[in-house]
There are 2 protein chains.
Amino acid sequence: MKSNKSILLVEDDPNFGRILKDYLTINNYDVSLAVNGIEGFEKFNRSEFDLCILDIMMPFKDGLTLAREIREVNDVIPLIFLTAKNLKDDVLKGYKIGADDYLTKPFDSEILLAKIKSILNRKPNVNVEEKDVFEFDFGDFNFNSKLRILTHKEGESYKLSPKENQLLKMLVLNFDDLLPRDIALNKIWRDANYFTSRSMDVYIAKLRKYLDKDKSLKIINVHGEGFRLMQE
Amino acid sequence: MKSNKSILLVEDDPNFGRILKDYLTINNYDVSLAVNGIEGFEKFNRSEFDLCILDIMMPFKDGLTLAREIREVNDVIPLIFLTAKNLKDDVLKGYKIGADDYLTKPFDSEILLAKIKSILNRKPNVNVEEKDVFEFDFGDFNFNSKLRILTHKEGESYKLSPKENQLLKMLVLNFDDLLPRDIALNKIWRDANYFTSRSMDVYIAKLRKYLDKDKSLKIINVHGEGFRLMQE
DNA sequence: AGTATACATTAACATTTCATTAAGAAAGTT
DNA sequence: AACTTTCTTAATGAAATGTTAATGTATACT
């Protein structure tokens with residue numbers, strides 16, 4: 001009937017990795033095991049997973065770096081970190097990147113299983129459409145959010161920075177509608193406070209500069225609420 | 001800005017509960033503290049929360065029982081359990097009930113905060129059913145309360161301030177009917193006293209100025225009672 | 001190692017928006 | 001008439017936003 005959920009497990013300790021993989025397999029998950037961050041990222045790109053379990057401490061490319069790369073491509077897939085005991089800093093970094101959970105080694109396998117179930121049982125992510133759209137036309141512009149390039153019909157192309165790119169994408173996806181400040185902050189900056197908010201304002205200013213080439217486009221502010229990309 | 005997220009905290013240890021509540025309050029959450037499961041359930045039913053933090057070990061009614069009761073009424077609100085030691089059984093039971101996470105005491109407050117943020121930043125799956133109405137037509141006007149824009153058929157658009165917007169929305173929702181003063185005051189100003197009442201008068205005056213473009217519309221005062229938006 | 005580059009954050013200052021309060025006039029109530 | 005409530009405009013101060021520049025902070029390059 002329903003095909004098993006698939007998990008990407010990235011763990012450098014071959015013994016432990018093997019055991020964990022077997023345990024999860026017995027419990028009806030399809031597990032793909034990678035032994036370091038580099039291999040992990042390759043596997044991640046080769047197939048579709050429902051969940052990633054990443055060891056933080058790994059040679060070549062650690063779990064946090066790998067997580068960042070994964071998040072650049074996919075900002076919905078759940079991430080669980082494995083961390084050695086009491087590395088609070090790693091845990092906090094993990095959450096900042098967008099982790100869903102973490103476990104400190106050694107951990108209880110049943111609890112891991114419960115966590116996995118809990119995470120996978122959440123409402124299936126609604127935005128089916130949002131997933132693959134990365135090219136947009138609006139005003140005199142073409143915008144490729146995968147390549148992070150914004151092109152004006154007549155002339156210039158701009159290479160957007162990651163943050164510029166994310167913010168513009170959210171604005172475009174909400175074209176002519178309100179993009180609430182909090183939503184953008186929590187999605188792009190993963191935190192909403194005074195400083196991230198100021199940072200967002202700076203990026204709005206940058207985007208306005210780009211969009212200035214088409215005088216009909218405007219990013220207007222709704223005081224206290226957010227921003228709205230519109231064409232008059 | 002936007003209103004804070006609210007948390008129901010159920011914890012029988014008064015000292016610890018107090019400290020935790022204060023800590024969360026400092027971090028911009030509205031926290032309601034209950035000292036046992038019974039009080040917890042009452043508070044849960046009395047108002048709307050965004051998240052519950054439940055101590056498992058409590059007299060009278062333990063956290064797991066409380067969680068079950070909450071889940072009977074509401075199957076989406078996130079639950080976080082606090083468990084004394086690593087009582088694996090409790091943790092597993094918790095997940096079975098539908099917990100989102102757990103923390104073993106003593107835990108690090110920063111990590112709790114990170115978890116809360118992570119959980120609350122997940123898809124706002126709550127109001128799928130109740131789609132908020134935010135666009136209205138009345139007289140010669142179109143009113144979009146989400147974008148806070150009031151547009152006259154012929155001509156101008158007005159950007160409304162948050163208070164103007166809320167007040168007009170309440171008037172429109174009670175079109176041709178009385179909007180009692182204290183209802184509006186308590187909803188918009190969260191308080192009804194002499195000064196907020198003066199402030200409301202100022203906003204009524206502002207709205208009248210906007211609506212003046214359509215001579216058939218009037219905001220009339222019902223002395224001592226409130227206001228009524230009507231069309232003759 | 002040092003240096004260049006790209007990027008994000010923070011600082012600083014200007015500007016705009018907003019809510020409240022004041023104050024005097026007008027209208028309603030008794 | 002005496003009193004209360006409402007009406008309206010303007011003044012004030014606080015908060016949010018706009019913008020440019022300076023400061024960090026990684027990473028790649030030499």
Side-chain angles (χ1 to χ4, degrees), chain A residues 37 60-62 64-65 68-69 71-72 93 96-97 147-150 158-168 171 178-182 184-185 187-212 218-229, chain B residues 1-3 28 147-150 157-168 171 178-182 184-185 187-212 218-229:
Chain A
F60 305 124
K61 187 189 286 183
D62 70 291
L64 292 172
T65 310
R68 254 178 237 113
E69 292 177 353
R71 270 282 172 267
E72 275 188 24
K93 275 185 203 155
K96 191 135 203 179
I97 293 169
L147 302 174
R148 302 208 315 249
I149 290 180
L150 177 67
Y158 307 104
K159 288 169 56 185
L160 302 184
S161 86
K163 286 250 162 27
E164 289 169 350
N165 185 62
Q166 283 182 282
L167 186 54
L168 181 55
L171 284 166
L178 177 73
L179 170 63
R181 229 191 163 85
D182 296 25
L185 285 177
K187 179 146 180 169
I188 300 176
W189 279 265
R190 307 233 163 241
D191 189 18
N193 60 47
Y194 174 78
F195 288 107
T196 54
S197 209
R198 303 311 286 110
S199 194
M200 174 166 165
D201 288 334
V202 172
Y203 278 92
I204 290 288
K206 291 180 181 183
L207 292 181
R208 282 187 175 129
K209 225 169 215 166
Y210 293 134
L211 298 187
D212 203 38
K218 294 236 178 332
I219 299 176
I220 64 171
N221 171 256
V222 183
H223 200 93
E225 301 287 340
F227 294 92
R228 176 178 169 221
L229 171 61
Chain B
M1 278 293 266
K2 251 190 165 161
S3 68
N28 293 316
L147 300 174
R148 299 210 318 248
I149 291 177
L150 177 67
S157 273
Y158 307 105
K159 288 169 59 181
L160 303 184
S161 88
K163 286 263 189 315
E164 290 169 351
N165 186 62
Q166 282 183 282
L167 186 54
L168 181 55
L171 285 167
L178 176 72
L179 171 61
R181 216 187 174 92
D182 40 331
L185 284 176
K187 174 137 185 175
I188 300 175
W189 278 265
R190 306 196 168 274
D191 186 20
N193 61 46
Y194 174 79
F195 288 107
T196 54
S197 210
R198 294 305 96 241
S199 196
M200 174 168 166
D201 289 336
V202 172
Y203 279 93
I204 290 289
K206 291 180 180 182
L207 291 182
R208 282 187 175 129
K209 218 170 215 167
Y210 294 134
L211 298 186
D212 203 38
K218 295 239 179 325
I219 299 176
I220 62 172
N221 173 258
V222 183
H223 200 88
E225 301 290 338
F227 295 92
R228 177 175 164 224
L229 170 61

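Note that the coordinates shown come from a computational prediction; the quantities given were computed from them, not determined experimentally. The sequence lines fix the lettering, A, B, ..., with proteins before strands; numbering per chain opens at 1.
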If you count the non-hydrogen atoms of other residues, nucleotides and ligands that lie under 6.0 Å from NZ in Lys61(A), is the total more than 12?
yes
Distance-only, no hydrogens or angles: does the Arg181(A) side chain make a donor-acceptor pair with backbone N or O of Glu225(A) under 3.5 Å?
no
In whole Å, I'd like the distance from the CD atom of Gln166(A) to the P atom of dA8(C).
9 Å
Without decimals, in angstroms, what is the distance between Leu207(A) CG and dT20(D) P?
14 Å
To the nearest Å, give me how far apart CG (Leu185(B)) and C1' (dT5(D)) are.
14 Å
Gap between atoms CG and P, on Asp191(A) and dA8(C) respectively (whole Å):
16 Å
Does Arg181(A) have a side-chain nitrogen or oxygen under 4.0 Å from the phosphate oxygens OP1 or OP2 of dT17(D)?
yes
Spacing between Phe227(A) atom CZ and dT17(D) atom P, to the nearest angstrom
6 Å
Using a heavy-atom cut-off of 4.0 Å across all strands, would you classify Tyr194(A) as base, sugar-phosphate, or nothing?
nothing
Axial cation check for Tyr194(B) ring with Arg198(B), 6.0 Å and 45° limits
yes
In whole angstroms, how far is the C1' atom of dT16(C) from the CD atom of Glu225(A)?
17 Å
With a distance cut-off below 6.0 Å to the six-membered ring centre and an angular limit of 45° from the axis, does Lys163(A) pair with Trp189(A) as a cation-pi contact?
yes
Using the test side chain to side chain contact (heavy atoms under 4.5 Å, CB included), find all partners of Pro180(B) that sit at least two apart in sequence or belong to another chain.
Leu178(B), Asp182(B), Ile183(B)
Through what angle, rounded to 10 degrees, does the axis of the helix from dA1(C)-dT30(D) to dT30(C)-dA1(D) turn between its ends, using five pairs per end?
20°
Between Arg148(B) and Glu164(B) (salt bridge meaning N to carboxylate O under 4.0 Å), is one present in this structure?
no
If the sugar-phosphate is the primed atoms plus P, OP1 and OP2 and the base is the rest, what is the B/S/- string for nucleotides 17-25 of chain C, using protein heavy atoms under 4.0 Å?
SSBBBS---
Would you mind classifying the nucleic acid contact of Asn221(A) as base, sugar-phosphate or nothing, using non-hydrogen atoms under 4.0 angstrom?
sugar-phosphate
Rounded to the nearest Å, what distance is computed from the CG atom of residue Asp212(A) to the P atom of nucleotide dT20(D)?
11 Å
Could you check whether any side-chain heavy atom of Leu211(B) comes within less than 4.5 Å of a side-chain heavy atom of Leu229(B), counting everything from C-beta outward?
yes
Is there side-chain contact between Ile188(B) and Tyr203(B), with at least one heavy-atom pair below 4.5 Å?
no
With heavy-atom distances below 4.5 Å as the criterion, would you say the side chains of Ile220(A) and Phe227(A) are in contact?
no
Whole angstrom value for the distance that separates C1' of dT19(D) from NZ of Lys209(A):
8 Å
